[in-house]
Amino acid sequence: MVTTHKCQLNLKIVHLTISPLSNIISSRESSIAYTVYPIPVFHCYNPQHIHFPHRQNPNCSSTRRKMGARTVTVLNVAEKPSVARSVSTILSRNQGIRMREGRSRYNKIFEFSYSIRGQPCHMLFTSVTGHLMELEFDERFRKWHSCDPADLYHAPVRKFVPEDKKDIKRTLEEEARRCQWLVLWLDCDREGENIAFEVVDVCTMANQNLTIKRARFSALIDREIHQAVQNLVEPNKWFADAVDARQEIDLRIGASFTRFQTMLMKDAFIIDTASGDRNLVLSYGPCQFPTLGFVVERYWEIQAHEPEEFWTINCSHRSEEGLANFNWMRGHLFDYTCAVVIYEMCIEEPTATVTDVKQQEKLKYPPHPLNTIELEKRASRYFRMSSEHTMKVAEELYQAGFISYPRTETDSFSSRTDLHVGTCLYTIVQEQQAHPEWGTYAQRLLDPETGLWRNPRGGGHDDKAHPPIHPTKFSSGESNWSQDHHKLYELVVRHFLACVSKPAVGAETTVEIDIAGELFHASGRVVLERNYLDVYRYESWGGTMLPTYTVGQQFVPTTLTLDSGVTRPPPLLSEADLLTCMDKEGIGTDATMHDHIKKLLDRFYATKDANTRFTPTNLGEALVMGYDDMGYKLWKPYLRAAMERDMKSVSEGTKSKSEVLAISLQQMKACFLDARVNKLKLLEAMEIFFQRTNRAGGDELHATGEVVRQCGLCQESDMVLRKNRDGNFMVGCLGYPQCRNAVWLPGPVLEADVTANACNTCTPGPVYLIKFKFRRLEIPPNYSADHLGCIGGCDQILAELTEICGTGSRTGRARGPAAQTNNARQSNTRQVVCMNCQETGHSSNDCPSQRNARHRGTNQQNGEATVSCSSCGMPCVLRTANTENNRGRKFYKCQSQECNFFAWEDSLNTGTGGRNFTRSSSIPQANRGRNGGRGSRGRGRHNGSHAANTTFVSATGDPVSGRRCFVCGDPSHFANVCPIRGG
DNA sequence: GCAAGGTC
């Protein structure tokens, strides 16, 4: 039951409304005086009293004896303001509690008296708001052009308190100075433990003599909280270390790959985005990329889908009681001949015999209690709300006290929470009785005579910190609510009411029949009790009546048809699907998944349609394709899974933080260097989709270059390979202009790439070898155009070529192509003119005439013919089949989003319009659309949906003679392609 | 201008 309490807050009287969870869910000021309990305040600044932290262990009885009854001041810190409030309320038993402002407007300070194992304590309870600190590179590495991105794997990093958290830091410092103990009430997970150490860092800087303890609690209920404070433990450094390792790996990998791929490609291609801005960042992150990977993988699956025709036999029987539709127990067959043979058998002996009749009761259970991911998925499915928007609205409802904390993994109301069945769950339902729409249902739920109430089932997840999302305050709608606030609150309430309701009950009848040895079945359902379905209007449970049949009964089917259908690709991933993938593979947390999804849209990696389905953009597909072509699965969830395993090891103490960091970063750096050597794959993938700007190599090479060795002159910076605007190569010090150390390379160098191999001779190492390609006509004939060279001084060939041909620097020649390059780049940036049709208004990326050339597998560049779709006229791409029956066979597939045209190449080449081609092209339009496959979620050849493409009309009385068309009798074809039927 | 994780 919701109760109202009053306490004094900074000389004002505040009414605190306590929820069934003991959370304060609303407060308002009042001028009515109220008695508060006096709080004994003890401020001890005597160093003799506070300088022996080891003697002040609150769990140690000898300490308490030595300290006598002297009150200690305890600083308690929670992870969020709501927890500080709740725990303070519980510990103080809501008596004598005072609240005052801290430096931060969100993080109040509560004061009350308490006794920890007999030790009188003056408790100060405040909070942070999540992490207090951020990890960042040292200033020298902060700017993108300040270093080689590969340096970011070992650049110094530091933790610091960002500007928007400075007020919280000041509060902690000020309060810590007057306290003897620090008790950490952060959430009991790894992130919470890490935040605990951030708090410790700040507090001990202000007061080195603090006794530091950790309160471990798994729910915000009286028993747990009192137990936690009476059994304080040490903070767990392993847990915090695991998060430190994760943070550092995320930062180094993310920043290095992001800088690398942005500088490599941003200026090298004309990348059309909605904003078209210069600030385009091609980010990489260990969560955002696998999220993109899910989207691209599904898209590719759809693109690669080969429609396959299948066959099925359907039977119906109409009697006085109604119609029964019987489905073939074999499902469907892909072999036409087999299907026809069986069908003919049935036609010859069409009498059906009922072999089995089953009747059983079926239950449809209400959903599990709501956690964050489920809330996001359901809001997406029911209202098409984005997960990001859902969380924004949920946060607002939470802040206003209408729903419980919306970031929770927990999907069960357990006895550990204070939502005891029959008491508090009951109270929440009671509140909802007044609602005009679902109030009547709430009343029925509370009436014992209806028998509608049922204790909620759990889903098996528990984050040990928060209960499932549930309503905390009744509302029939607030004036400042948007439609989405209404919808989301309604969902939370209806979901909660459904959870405490009995399942729906249905009576299901299944009838099996035998026709010429083939089995068919039909089923019907009658919903006997709707129960939770009455309030959970988002779900339905259809009922179909079936006539009465008895075992042994015989009848002649009304229709018996051989029908064809085609398999269809799975649909694009919906937002709910994407959340499911992420949840399953451990990408992100319940509180961050929606951020990763939003990032795909913000970075122009994917788009979302009105049905909340995601399609990768050209940019997103190119990036995944580039890394995939390199052989790296950076877009798969494997890297994150490996990091999660490492984190677990660190948190269990089986691996150290430094060990995990060293190994992971070494591996990732090797991967990074290798990816950079293979950057051509990325560029090639981008070239499929985007027009080059004619600026060779992109900005990456000009901006930083690849590291060749450490500078021997200044001995501070790296020497990197660079190419100047004239196309000449040199290896220069990053410390320029302070350090002017440079090695100019021979003028005829056409290409140069730093490899991951170091020279065995030159010191100090490593001096990485460079793979050169020289212009054949500019070097003497006895030298090879390809050369793996070293600039460390050991390379005789390089020295000779420099001597013979000179360097780009000395000759200073400005070759024609370089000048043209610059001109072309400038004209491209001034005005986008299509390179194909010379028209403005679109770039060559979007030129309709070139659409075909942008798709993977396009054969235009190879001089092979392309075909236009005979259905919609759009270009088709040539692909290679990989299914069991057709492996290696080529087929054309329409690239239109709305068309699913498909034809075998060999059928087209022979000009015969062979059977497969004819069939494929004759697929009715209704079966073609990629979204027409909604609902068929399986994969592979058995992913077929049954299209209403009847090939044999009712044949119950027709004689069957040989294999011939049933429509015109011609033995040269079958009825499905009969010209009379228009096949 | 870069990550992901907390939370307001």
Side-chain angles (χ1 to χ4, degrees), chain A residues 78-85 102 104-108 127-137 141-147 149 151-153 155 157 159 161-162 164-165 167-168 186-187 189-199 240 242-263 266-267 277-291 372 391-392 394-396 398-400 405-408 463 465-466 582 586-596 598-599 602-603 634 639-640 643-644 647 668 672 699 703:
Chain A
E79 189 163 322
K80 40 190 164 282
S82 64
V83 172
R85 219 171 247 251
S104 153
R105 56 186 286 225
Y106 300 111
N107 306 86
K108 315 290 182 192
S127 56
V128 288
T129 45
H131 276 288
L132 189 56
M133 295 179 170
E134 285 180 10
L135 192 68
E136 190 49 278
F137 292 110
F141 297 88
R142 208 79 61 81
K143 286 205 163 54
W144 279 39
H145 289 176
S146 66
C147 67
D151 292 344
L152 299 177
Y153 285 91
V157 288
K159 270 193 168 185
V161 179
D164 61 338
K165 299 286 175 73
D167 284 341
I168 299 174
L186 290 304
D187 288 359
D189 53 22
R190 287 195 296 235
E191 293 295 335
E193 212 66 26
N194 190 271
I195 299 169
F197 278 88
E198 293 174 355
V199 171
V243 173
D244 279 341
R246 195 266 306 149
Q247 285 179 342
E248 196 172 327
I249 294 169
D250 281 349
L251 175 65
R252 292 185 190 280
I253 295 175
S256 58
F257 272 93
T258 300
R259 289 186 191 182
F260 158 65
Q261 63 188 28
T262 303
M263 292 194 289
K266 189 179 81 170
D267 292 333
D277 60 327
R278 283 273 305 163
N279 297 327
L280 182 72
V281 172
L282 309 186
S283 65
Y284 172 85
C287 283
Q288 54 177 270
F289 243 54
T291 307
T372 305
M391 289 312 290
K392 184 172 175 289
E395 179 71 27
E396 285 164 7
Y398 161 68
Q399 292 293 338
Y405 190 68
R407 288 185 283 272
T408 174
D463 63 13
H466 305 287
M582 295 171 76
I587 301 300
T589 67
D590 54 314
T592 61
M593 283 181 191
H594 65 273
D595 283 334
H596 302 312
K598 183 170 180 288
K599 189 148 276 178
D602 291 345
R603 297 283 188 225
L634 291 172
L639 176 64
R640 198 66 188 168
M643 283 169 66
E644 185 57 38
M647 280 201 16
M668 281 311 298
F672 176 81
D699 189 39

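Within every chain, numbering begins at 1; the chains are lettered A, B, ... in the order of the sequence lines, protein sequences first and strands thereafter. If you're wondering where the values come from, they're calculated on a predicted model, not measured in any experiment. Heavy atoms only: backbone and side chains are in, while hydrogens, waters and symmetry mates are out.
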Touch class at under 4.0 angstrom, heavy-atom based, for A:Arg190 against every strand present: nothing

Distance in angstrom units between A:Arg246 CZ and B:dA3 P, rounded: 13 Å

Salt bridge flag under 4.0 Å for residues A:Arg640 and A:Glu644: no

A:Ser283 or A:Glu395, whichever maps to the more 5' nucleotide of DNA chain B: A:Ser283

Side chain A:Gln288 and base B:dC2 donor-acceptor under 3.5 Å: no

A:Trp144 aromatic ring stacked with six-membered ring of B:dG1, 5.5 Å and 30°: yes

Rounded interatomic separation in angstrom, taking NZ from A:Lys598 and P from B:dA4: 14 Å

For atom NE2 of A:His594 and atom C1' of B:dG5, their distance in whole Å: 12 Å

B:dA4 phosphate, OP1 or OP2, under 4.0 Å from A:His131 side-chain N/O: no

Rounded distance (Å) that lies between atom P of B:dT7 and atom CD of A:Glu134: 15 Å

cation_pi(A:Lys159, A:Phe197) dist<6.0 Å, angle<=45: no

Nearest-angstrom distance from the residue atom OH of A:Tyr405 to C1' of B:dT7: 6 Å

d(NE2, A:His466; P, B:dG6) in whole Å: 10 Å

Nearest-Å distance for atom pair CD1/P, residues A:Ile587 and B:dG5: 9 Å

5' precedence on DNA chain B between A:Leu135 and A:Lys165 (nearest-nucleotide basis): A:Leu135

d(CZ, A:Phe257; P, B:dG1) in whole Å: 22 Å

Any donor-acceptor N/O pair, A:Arg252 side chain to A:Ala155 backbone, under 3.5 Å: yes

Salt-bridge criterion met for A:Glu191 and A:Lys80 (N-O under 4.0 Å): no

Among B:dG5, B:dA3, B:dT7, the nucleotide that comes nearest once only the side chain of A:Pro81 is considered: B:dT7

